[in-house]
Amino acid sequence: MGPCGVRSVARQLLFIVPGFVFLGFAVVFYAGIGHDASRVPSALIGKPAPSFELPALVGDRPGLATADLRTKPVLVNIFASWCVPCRTEHPLLMRLAEQGVVLYGINFKDRPEEARAWLANFGDPYQRIGADRAGASTIDWGVYGVPETFLVDGTGMIRFKNVGPLTIGVINGTILPLLREHSK
Amino acid sequence: MRRAVAILLAAVWIGLSAPAWTMLPSERLTDPKLEARARAIGGELRCLVCQNQSIDDSNSDLAHDLRVLVRTRLAAGDSDAQTIAYLVARYGKFVLLRPPFEPATYALWLSPALILVLGASGIALRLHRRKAPAPARSVPLSAVEEARLQRLLEERAR
């Protein structure tokens, strides 16, 4: 039987402390489940949209430039005819356009004829489309894949970026509330 | 044996030249000093598509675009720091392969050293305790216990 006092308290701590450390890690890791670390957060949230000017893609609609982003809140959608996930979000974009959301498109590294054919085939929700054939402007937006969607408010500030195709959850949970908030 | 050595040499040769394959000759700058700076910067930047590779190592279109961008900025007269800041302004800190040392990343940078210190001190404490064992009891036996001990020894001897 060992002496009571300091030494057995130390021994109890030796068992309890790692238990708490484990609990701490468990909480942190549990909170991280479902969080996709490969989706890089935008460095431009809360900053003004970059300065750019893109020529028009289709004859009946104007191209896109920074000045067009300062009148009302809009969604800027980066898309391409060769991009497969763009097709999955396209019906949602069509529905947003029907609901009155203003959509501007940036056609990324695409051939104009193919982009026009793709829009004719799947529908065209955009009020303006800028053609970025080289991809230089989209680097200013911090784009690293297609599709991506930016929410720009009425003063030209970027408020939200969605990497990958839009989902109903993101639209209802984040985009529509933000649009309502910035329309006031 | 000779064949094995030959295969090994061939593998080493190919392996050493692999990183050069992903950079296109058309991207290289003519000024060797600028190109050297571009390579050094490229090694520090993450390709956001293949996120564990640098832009120098990655095959993706984005890596190509970023390599061209780095060289364009350097040729336009930007310093190394300005070029890197240009990219961080657009893509955020995650574009740097080496996380910067700042309050948000203190835990990341310091925890290995911290765990090492804790583990080393734990081991040191254990060793110290074993080397200096508890002192032996110096309380002598009482008279009754002494007599009992004698009786037991005599019983065993018989």
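Protein chains get the first letters and strands the later ones, always in sequence-line order, with residue 1 at the start of each.
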Report which part of [X] has an atom under 4.5 Å of a heavy atom belonging to chain A: side chain, backbone, both, or neither.
X	value
Phe94(B)	side chain
Leu69(B)	side chain
Leu62(B)	side chain
Val88(B)	backbone

When you group the ILVMFWY residues by side-chain heavy-atom contacts below 4.5 Å and let the links chain together, are Tyr144(A) and Val95(B) in the same group? yes
same_hphob_cluster(Tyr104(A), Val101(A)) at 4.5 Å side-chain heavy-atom cutoff: no
Got Leu66(B) and Ile139(A) here, is their nearest side-chain heavy-atom distance under 4.5 Å? yes
Pairs of donor and acceptor atoms involving the side chains of residues 41-60 of chain A, under 3.5 Å and at least two apart or interchain, shall be tabulated with distances.
{"from": "Ser42(A)", "atom 1": "OG", "to": "Leu44(A)", "atom 2": "N", "distance (Å)": "3.0"}
{"from": "Lys47(A)", "atom 1": "NZ", "to": "Ala43(A)", "atom 2": "O", "distance (Å)": "3.0"}

Neighbour count above 12 (heavy atom, 6.0 Å) for [X] [atom1]:
X	atom1	value
Phe20(A)	CZ	no
Asn52(B)	CG	no
Ile168(A)	CD1	no

Picking from Gly135(A), Ala134(A), Gly142(A), which has the most non-hydrogen pairs under 4.5 angstrom with chain B? Gly142(A)
Would you mind telling me which of Val40(A), Asp140(A), Val143(A) has the largest number of heavy-atom pairs within less than 4.5 Å of chain B? Asp140(A)
